[in-house]
Asker: 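The structure is given below, and queries will be raised subsequently.
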Amino acid sequence: MPNKDRSFHEAPQKAGGEGWLYSEQQQKLCHFKPDTATVHAQWVAIRTYSYVPPRPPEPMTRRRLLRHNAVEAWQTMQKTGWRRCPPPVR
């Protein structure tokens, strides 16, 4: 049974660079996940969802960034109020 009052506490870091960020102010959820690497670069897929708990997340955008750009985006998002969170219950 899903918990409607699930808190967005600091989630433990997943191996391999995968993680979730949530902005309560924007009501958005962002999933960072390593994508298929090429010979020349490492890529990260970033998916953004509209998310108002307890409803399920609604997909908005998907993009790929070079790994170093994704790390920079993650750090910038955290500085602007996004918080690490566990994956949503689907």
Asker: Could you tell me the separation between the CD atom of Gln26 and the OG1 atom of Thr48, rounded to the nearest 0.5 Å?
Answerer: 9.5 Å

Asker: Counting C-beta onward and ignoring hydrogens, is there a side-chain heavy-atom pair between Pro53 and Tyr22 closer than 4.5 Å?
Answerer: yes

Asker: Verify the cluster assignment for Trp43 and Ile46: are they in a single hydrophobic cluster under the rule of side-chain heavy atoms below 4.5 Å apart?
Answerer: no

Asker: Please round to the nearest 0.5 Å and tell me the distance separating atom CZ of Arg84 and atom CH2 of Trp74.
Answerer: 4.5 Å

Asker: According to the interplanar angle, ranging from 0 to 90°, do the rings of Trp20 and His31 count as parallel (below 30°), tilted (30 to 60°) or perpendicular (above 60°)?
Answerer: parallel

Asker: What is the distance from atom OG1 of Thr61 to atom NZ of Lys28, rounded to the nearest 0.5 Å?
Answerer: 7.5 Å

Asker: With side chain to side chain contact (heavy atoms under 4.5 Å, CB included) as the test, would you mind laying out the steps for Arg62 and Arg64 before giving the verdict?
Answerer: CA-CA 7 Å; Arg62 182 185 189 281; Arg64 286 176 62 193; 4.0 Å; yes

Asker: Hey, quick one: are Leu29 and Leu65 part of the same hydrophobic cluster, counting side-chain heavy atoms closer than 4.5 Å, chains of contacts allowed?
Answerer: no

Asker: Is there side-chain contact between Ser50 and Gln27, with at least one heavy-atom pair below 4.5 Å?
Answerer: no

Asker: Grab the two heavy atoms, one from Cys30 and one from Trp82, that are nearest each other, plus how far apart they are.
Answerer: CB-CZ3, 3.8 Å

Asker: Nearest 0.5 Å please: distance from the CZ atom of Arg47 over to the NZ atom of Lys33.
Answerer: 6.5 Å

Asker: Would a hydrophobic clustering, with Ile, Leu, Val, Met, Phe, Trp and Tyr connected at side-chain separations under 4.5 Å, put Tyr51 with Met77?
Answerer: no

Asker: Could you tell me which non-hydrogen atom of Phe32 sits nearest to which non-hydrogen atom of Ala70, and how far apart they are?
Answerer: CE2-O, 3.7 Å

Asker: Could you verify whether a donor N or O on one side chain and an acceptor N or O on the other, from Gln42 and His68, lie under 3.5 Å apart?
Answerer: no

